[in-house]
Amino acid sequence: MPGKRIMIVDDSTIMRKVISRFLNANEGIEVCAEAKDGSDALKQLRQSKPDLILLDLEMPNMTGLEFLRHAKLKSRAKIVILSSVAGLGSQKAQDALRLGANGIVSKPSGAVSMSLDNECGKNLLTVISQALS
């Protein structure tokens with residue numbers, strides 16, 4: 001994935017840092033922006049010009065699904081859902097795919113892991129690669 005720009009949209013500061021650190025450790029990926037909710041992400045979208053957006057679904061001010069509706073009209077970036085409430089087959093996952101999401105990865109719920117080196121991290125890289133190809 002040479003030179004791919006990724007925006008992270010998640011209301012958890014800790015998760016944004018964990019995801020950013022994980023992605024930046026992978027050659028050819030640059031985290032170009034981080035946003036605390038969908039509203040913040042929309043403001044940054046034009047300037048940051050991401051190739052892909054990693055999007056949480058449950059956030060204040062503007063949910064991930066609301067952001068997805070707007071972003072698909074304003075950007076050609078691929079969108080991968082990274083959320084603990086979007087397990088494959090769930091209603092939220094189906095809604096996200098219907099609205100144009102390019103992939104879904106379940107992030108661990110409960111206590112925040114300080115690392116994505118496990119199965120979630122591998123799965124995340126696979127889905128990002130698929131969405132960008």
Side-chain angles (χ1 to χ4, degrees):
M1 291 182 289
K4 297 302 179 183
R5 298 169 51 81
I6 297 180
M7 173 189 272
I8 301 168
V9 185
D10 195 304
D11 61 321
S12 167
T13 303
I14 293 170
M15 278 309 299
R16 286 194 310 271
K17 288 184 187 309
V18 167
I19 295 164
S20 181
R21 185 173 52 234
F22 175 77
L23 292 175
N24 283 325
N26 288 275
E27 191 173 328
I29 295 177
E30 172 195 354
V31 175
C32 64
E34 295 181 21
K36 65 184 188 271
D37 59 40
S39 178
D40 186 29
L42 280 177
K43 292 174 188 168
Q44 296 184 48
L45 196 56
R46 185 167 292 175
Q47 181 180 346
S48 62
K49 298 179 182 140
D51 297 302
L52 184 133
I53 300 165
L54 282 178
L55 179 63
D56 190 14
L57 291 180
E58 289 193 326
M59 297 178 290
N61 301 323
M62 180 184 285
T63 68
L65 291 176
E66 292 171 314
F67 170 79
L68 187 54
R69 286 185 191 100
H70 293 286
K72 285 310 232 177
L73 297 173
K74 296 180 180 215
S75 173
R76 297 175 55 93
K78 305 293 183 185
I79 299 177
V80 170
I81 304 301
L82 179 60
S83 176
S84 58
V85 298
L88 284 173
S90 73
Q91 185 61 52
K92 289 195 178 199
Q94 291 174 18
D95 291 345
L97 291 171
R98 183 178 43 78
L99 290 169
N102 301 95
I104 297 174
V105 176
S106 279
K107 89 177 157 185
S109 60
V112 176
S113 168
M114 293 310 288
S115 171
L116 288 179
D117 293 336
N118 57 19
E119 195 64 32
C120 178
K122 292 175 190 172
N123 190 24
L124 179 59
L125 290 176
T126 299
V127 172
I128 287 171
S129 180
Q130 290 170 348
L132 290 170
S133 61

Verdict with reasoning, Arg16 to Lys36, per side-chain contact (heavy atoms from CB on, under 4.5 Å) = CA-CA 8 Å; Arg16 286 194 310 271; Lys36 65 184 188 271; 3.6 Å; yes
Between Asp10 and Leu82, does a side-chain contact (heavy atoms from CB on, under 4.5 Å) hold up when you go through it step by step?
-> CA-CA 9 Å; Asp10 195 304; Leu82 179 60; 5.8 Å; no
Which atom names give the shortest non-hydrogen contact between [X] and [Y], and what distance separates them?
{"X": "Gly64", "Y": "Met59", "value": "N-CE, 3.7 Å"}
{"X": "Ala96", "Y": "Ile81", "value": "CB-CG1, 3.8 Å"}
{"X": "Ala131", "Y": "Asn102", "value": "CB-CB, 3.9 Å"}
{"X": "Asp37", "Y": "Pro60", "value": "CB-O, 3.3 Å"}
{"X": "Gly103", "Y": "Val127", "value": "CA-CG1, 3.9 Å"}
{"X": "Leu42", "Y": "Lys74", "value": "CD2-CD, 4.2 Å"}

Measuring from atom [atom1] of [X] to atom [atom2] of [Y], what distance do you get when rounded to the nearest 0.5 angstrom?
{"X": "Leu68", "Y": "Met62", "atom1": "CG", "atom2": "CE", "value": "11.5 Å"}
{"X": "Ile8", "Y": "Leu52", "atom1": "CD1", "atom2": "CG", "value": "10.5 Å"}
{"X": "Ile29", "Y": "Phe22", "atom1": "CD1", "atom2": "CZ", "value": "7.5 Å"}
{"X": "Ile79", "Y": "Ile104", "atom1": "CD1", "atom2": "CD1", "value": "12.0 Å"}
{"X": "Ile53", "Y": "Lys78", "atom1": "CD1", "atom2": "NZ", "value": "11.5 Å"}
{"X": "Leu125", "Y": "Asn26", "atom1": "CG", "atom2": "CG", "value": "4.5 Å"}

Atom CZ of Arg98 with >12 non-hydrogen neighbours under 6.0 angstrom =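 Atom CZ in Arg98 is packed in, count exceeds 12.
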Verify the neighbour count for atom NZ of Lys72: are there more than 12 heavy atoms of other residues, nucleotides or ligands below 6.0 Å?
->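 Result for NZ/Lys72: enclosed.
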Do side-chain atoms of Asp51 reach the backbone of Arg5 as a donor and acceptor pair under 3.5 angstrom?
->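 At least one qualifying donor-acceptor pair exists.
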Side-chain donor or acceptor of Ser129 paired with backbone N/O of Thr126 under 3.5 Å |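 Judged by distance alone, no pair lies under 3.5 Å.
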Report yes if some heavy atom in the side chain of Met15 is under 4.5 Å from a heavy atom in the side chain of Asp56; otherwise report no.
->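 Heavy-atom side-chain distance check fails, nothing below 4.5 Å.
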Heavy atoms, side chains only, cut-off 4.5 Å: are Ile128 and Leu23 in contact?
->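 A side-chain contact exists here, since the closest heavy-atom pair is under 4.5 Å.
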Is it true that Asp95 and Lys92 make a salt bridge, defined as a side-chain N closer than 4.0 Å to a carboxylate O?
->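 Lys92 and Asp95: not salt-bridged.
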